[in-house]
Undergrad: 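Once you've had a glance at the structure underneath, I'll fire off some questions.
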Amino acid sequence: MKKRATTAFAATCLGAVLVTGMMAPASAVEVELTSIEDIQGTEDATGMAGQQVNIRGVVTGAYSEGGIRGFYVQTAGSGSEISSAGSSAIFVYSPDGVGKVAVGDHVQVSGKVSEYYGMTQISASDQSIEVLVEPAEAVKPLAIDIPATDAERERFEAMLIDPQGQWTVADNYRLNQYGEITLAEGTSSIIDGERTLRQATDVFAPGSDEAKALEAENQARELVLDDGATLNFLGAKANKLVELPYISADQHVAVGKQASFTAPVIMDYRYDLWRLQPQGQVVGAQDLDIPVSFEQVTEDAPEAVGGNVSVGSFNVLNFFTTTGDQLDGCSYYTDREGNPISVRSGCDARGAANAESLERQQSKIVTALNKFDADVVVLEEIENSARFDQDRDAALKILVDALNEAAGQKRWSFAPSPEELPADEDVIRTAMIYQRDAVKLIDESVVLDDAAFDNARDPLAQAFQRVGGNSKTRFLVVANHFKSKGSDPKDGSANADQGDGAGAWNAARVEQAHAVVRFAEELKESRNTDKVLLAGDFNSYSAEDPIKVMTEAGYVDLGAEASTQSYLFGGRTGSLDHVLGSAEIAQKVTGETIWNINATESVAYEYSRYNNNVAQLFSPDQFRSSDHDPVLVGLQLNKN
């Protein structure tokens with residue numbers, strides 16, 4: 001068992017430090033001591049690298065397991081004020097000796113000073129570490145507003161601190177792999193009230209000075225909360241036997257939620273990032289070493305948007321009813337016992353590996369869609385069953401049947417595919433489902449066959465009319481899934497990543513935006529309505545060129561005023577998912593919202609991560625049913 005720190009640090013800090021564990025001499029051998037402050041100095045690196053030193057201090061963090069293999073020592077009595085000589089604490093690397101110390105011990109350490117990838121440390125053997133019996137004045141956690149720059153943070157390296165100010169969860173993607181959570185300090189000075197780290201091109205034009213300034217501010221505001229370990233939970237099998245830190249099936253760490261420090265942490269620098277380390281390794285969601293409490297998710301449904309008709313967009317994360325085990329050549333992502341969970345490559349299937357995994361995926365999507373409760377839902381990333389010698393709508397029908405079974409009534413239907421289809425379609429497609437008692441279909445659907453979509457999913461259009469309404473309650477929905485930002489061609493073309501924040505294939509998405517606008521204009525007359533919604537995953541943030549093409553054509557980004565965003569990438573929040581309306585329908589909007597159930601949640605909850613860790617996190621709920629958050633718009637459509 002590892003020696004554990006206690007979150008009640010006052011138990012060791014408010015009184016004299018006493019011996020814990022092993023016996024030690026009544027007093028250490030008399031040696032010349034060097035102050036920790038002199039070793040740390042005031043520069044970004046120590047001036048004593050390579051020298052043998054002797055230090056005394058109080059252990060503030062100890063990690064006998066989890067890979068850190070050392071402990072932190074801080075000058076006794078320090079912390080109430082900032083020393084002008086340098087940091088008052090230092091890391092002692094001692095794989096063999098860390099097991100003999102615990103938080104609160106008064107120790108003497110002899111070892112060699114070095115810089116380890118930017119962090120000053122002392123390397124010490126087991127024999128060169130002594131736990132002293134004489135008491136030492138308590139270390140006091142230093143209450144500070146953590147500064148933004150490396151130079152300012154350096155003077156607190158390895159010290160026990162009590163972070164002040166407001167903190168928000170900004171990223172949890174690496175929680176599933178390395179036990180790391182990115183926190184954002186305070187709010188943005190550029191975007192009023194913004195607590196997360198906003199994708200710059202979701203607000204400002206790519207490459208603009210404003211976008212660069214926002215990203216610079218993001219970098220200054222972010223800081224990593226670590227777990228007191230260096231484990232890769234997706235690596236060695238033994239690591240998967242250690243519970244993921246901070247989260248459980250019912251304890252979430254969601255982006256956008258408040259993080260409140262409940263115990264001191266250690267200012268640490270590892271792997272090129274400033275980090276806040278707990279005083280001991282965190283294992284699971286109930287560990288005594290957890291130094292932070294996280295605001296929990298309470299919303300069980302999207303915010304009300306009003307109106308008498310609602311329209312939404314929902315990405316179903318490669319929902320394939322043709323599972324990998326039905327095809328030849330598939331390779332798989334597996335669980336910790338080697339069982340296939342989801343398709344990795346080698347075949348046209350992109351979803352679940354087998355029927356058991358599909359059931360888990362489907363249960364999340366069904367729960368989410370029934371709680372989403374939109375009258376019309378545009379779907380992205382559903383299987384194009386025609387590619388598997390089935391009816392094109394086969395997977396769509398299975399999903400609708402599952403929705404109705406869960407609802408206990410024939411509540412949902414889908415817009416059937418038209419007879420005329422492009423000759424060559426992707427293995428994933430867009431689709432639409434709707435609630436039968438709310439709206440009805442007008443004419444058949446139409447799939448746009450345009451060269452602009454040779455590298456993307458073909459848009460699908462369908463006209464609807466409110467049940468009990470007339471032609472004035474008619475509206476047209478166009479489902480979209482533009483080319484993604486990945487797979488940079490790196491060929492110097494307009495589609496290569498220009499380094500301005502818009503990613504790769506921006507030129508292709510611009511062409512697709514123009515094509516969709518033309519498509520909608522052609523359908524307005526044949527479907528007898530000028531009320532048009534362009535919805536889906538445009539793979540474009542709100543201030544990027546493809547969205548600009550559509551807004552300049554007269555469409556209004558109806559989610560632009562939403563207080564949250566639909567996607568998280570690289571620790572930045574932004575909206576790739578949009579509902580844009582023609583001027584005629586925009587004036588009918590009663591509300592809009594983004595339901596944060598997916599992008600803001602840890603990927604550990606996805607069906608595809610089932611049994612990845614000894615802590616079983618899967619639940620057939622709405623959380624992480626996809627990697628995109630659904631967008632919802634309310635409309636008031638009257639007969640006159």
Side-chain angles (χ1 to χ4, degrees), residues 173 198-208 211-212 215 313 315-318 345 348 350 378-382 384 387 422 424-430 447-460 478-520 534-553 555 557 559 565-580 599 626-629 631:
Y173 185 78
R198 191 76 169 271
Q199 185 71 44
T201 58
D202 201 46
V203 187
F204 302 113
S208 66
K212 293 175 183 176
E215 177 52 26
S313 170
N315 183 305
V316 293
L317 190 64
N318 289 316
S345 62
D348 279 345
R350 295 186 183 178
V378 167
L379 303 178
E380 304 91 46
E381 291 192 19
I382 193 167
N384 177 3
R387 291 290 297 265
D424 185 21
E425 291 188 275
D426 200 344
V427 295
I428 57 172
R429 52 167 287 204
T430 58
V447 175
L448 174 60
D449 188 1
D450 190 290
F453 288 91
D454 286 350
N455 62 2
R457 282 59 55 178
D458 301 306
L460 169 74
V478 182
N480 299 275
H481 191 182
F482 284 12
K483 174 65 177 172
S484 72
K485 294 174 176 286
S487 304
D488 184 0
K490 297 180 180 179
D491 57 2
S493 70
N495 277 316
D497 191 334
Q498 305 298 309
D500 58 2
W505 303 102
N506 185 62
R509 289 190 294 276
V510 167
E511 290 182 21
Q512 289 159 13
H514 283 297
V516 165
V517 169
R518 293 193 299 268
F519 182 46
L534 311 178
D537 176 5
F538 293 88
N539 274 309
S540 306
Y541 291 111
S542 302
E544 292 179 3
D545 295 337
I547 305 302
K548 186 177 179 181
V549 166
M550 292 179 282
T551 56
E552 288 181 346
Y555 288 86
D557 188 348
Q565 291 74 52
S566 73
Y567 197 64
L568 176 75
F569 182 78
R572 306 295 184 258
T573 58
S575 288
L576 298 179
D577 309 87
H578 306 267
V579 178
L580 297 105
S626 179
D627 55 344
H628 292 247
D629 286 325
V631 182

Undergrad: Which atoms form the tightest heavy-atom contact between Lys483 and Ala456, and what is the distance?
TA: N-CB, 3.6 Å
Undergrad: Can you name the side-chain contact (heavy atoms from CB on, under 4.5 Å) partners of Ser484, sequence neighbours left out?
TA: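 Counting only residues at least two positions away or on another chain, Ser484 forms a side-chain contact (heavy atoms from CB on, under 4.5 Å) with Asn539.
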Undergrad: Taking side chain as C-beta onward, heavy atoms only, is Val517 less than 4.5 Å from Met550?
TA: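 Yes - at least one pair of side-chain heavy atoms lies under 4.5 Å apart.
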Undergrad: Give the minimum heavy-atom separation between Asn315 and Glu381, together with the two atoms involved.
TA: ND2-OE2, 3.3 Å
Undergrad: Which value, rounded to the nearest 0.5 Å, describes the distance between Ile382 atom CD1 and Arg457 atom CZ?
TA: 14.0 Å
Undergrad: For Ser540, does its backbone N or O pair with a side-chain atom of Lys485 as donor and acceptor, under 3.5 Å?
TA: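 Side chain of Lys485 to backbone of Ser540, a donor-acceptor pair under 3.5 Å: no, none is there.
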Undergrad: Contact between Asp426 and His481 at the side-chain level, heavy atoms closer than 4.5 Å - yes or no?
TA: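 Side chain of Asp426 against side chain of His481, heavy atoms only: no contact under 4.5 Å found.
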Undergrad: Let me see the working for Arg198 and Phe204 under side chain to side chain contact (heavy atoms under 4.5 Å, CB included), right down to the final yes or no.
TA: CA-CA 10 Å; Arg198 191 76 169 271; Phe204 302 113; over 6 Å; no
Undergrad: How long is the gap from CD on Gln565 to CG on Asp202, to the nearest 0.5 Å?
TA: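 Gln565 atom CD to Asp202 atom CG measures 5.5 Å (nearest 0.5 Å).
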Undergrad: Using a 4.5 Å cut-off on heavy atoms from C-beta on, say whether the side chain of Ser487 contacts that of Trp505.
TA: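 A side-chain contact under 4.5 Å exists here.
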Undergrad: Using 4.0 Å as the upper bound for N to carboxylate O, is an ion pair formed by Glu215 and Arg572?
TA: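 Between Glu215 and Arg572 there is a salt bridge, with a charged N closer than 4.0 Å to a carboxylate O.
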Undergrad: Under a 3.5 Å cutoff, is there a donor and acceptor pairing between the side chains of Ser493 and Asn495?
TA: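 Short answer, no.
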Undergrad: When rounded to the nearest 0.5 angstrom, what is the spacing between CG in Asp488 and CD in Gln498?
TA: 8.5 Å
Undergrad: State the OH-OG distance between Tyr541 and Ser575, to the nearest 0.5 angstrom.
TA: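 So the OH of Tyr541 and the OG of Ser575 are separated by 9.0 Å.
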Undergrad: Working to the nearest 0.5 Å, report the span between CG of Asn384 and OG1 of Thr430.
TA: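 Answer for the CG-OG1 pair, Asn384 versus Thr430, is 9.5 Å.
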Undergrad: Between Phe519 and Asp450, is there a side-chain heavy-atom distance shorter than 4.5 Å?
TA: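 They are not in side-chain contact.
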Undergrad: Val203 versus Ser542: any side-chain heavy-atom pair under 4.5 Å?
TA: no
Undergrad: Is the backbone of Ala504 close enough, under 3.5 Å, to the side chain of Arg509 for a donor and an acceptor to pair up by distance?
TA: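 Indeed, once roles are kept as given, a pair shorter than 3.5 Å links the two residues.
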Undergrad: Taking the side chain as C-beta and beyond, is there a heavy-atom pair between Phe538 and Leu576 under 4.5 Å?
TA: no
Undergrad: In chain order, what residues pass the side chain to side chain donor-acceptor pair (under 3.5 Å) check against Asp557, with sequence neighbours excluded?
TA: His578
Undergrad: Do you know which two heavy atoms are closest between Asn506 and Pro546, and how far apart they sit?
TA: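 Looking at all heavy atoms of both residues, the closest pair is OD1-CD, 3.5 Å.
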Undergrad: Answer yes or no: is there a side-chain heavy-atom contact under 4.5 Å between Leu580 and Thr551?
TA: yes
Undergrad: Just jot down the salt bridge (Lys or Arg N to Asp or Glu O under 4.0 Å) partners of Asp627, sequence neighbours excluded, or say none.
TA: none
Undergrad: Quick one, Glu380 and Asp577 - any side-chain contact, counting heavy atoms below 4.5 Å?
TA: yes
Undergrad: Can you see which heavy atom on Asp424 is nearest to which on Asp458, and at what distance?
TA: O-OD2, 4.4 Å
Undergrad: Taking all non-hydrogen atoms of both residues, which atom of Gly536 and which atom of Ser313 are closest, and how far apart?
TA: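 For Gly536 and Ser313, the tightest heavy-atom pair comes out as CA-OG, 3.4 Å.
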Undergrad: Is a donor on one side and an acceptor on the other found under 3.5 Å between the side chain of Arg387 and the backbone of Glu425?
TA: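 Yes: the side chain of Arg387 pairs with the backbone of Glu425.
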Undergrad: Would you name the heavy atoms of Ala515 and Leu448 that are closest together and state the gap between them?
TA: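 Heavy atoms of Ala515 and Leu448 come nearest at O-CD2, 4.0 Å.
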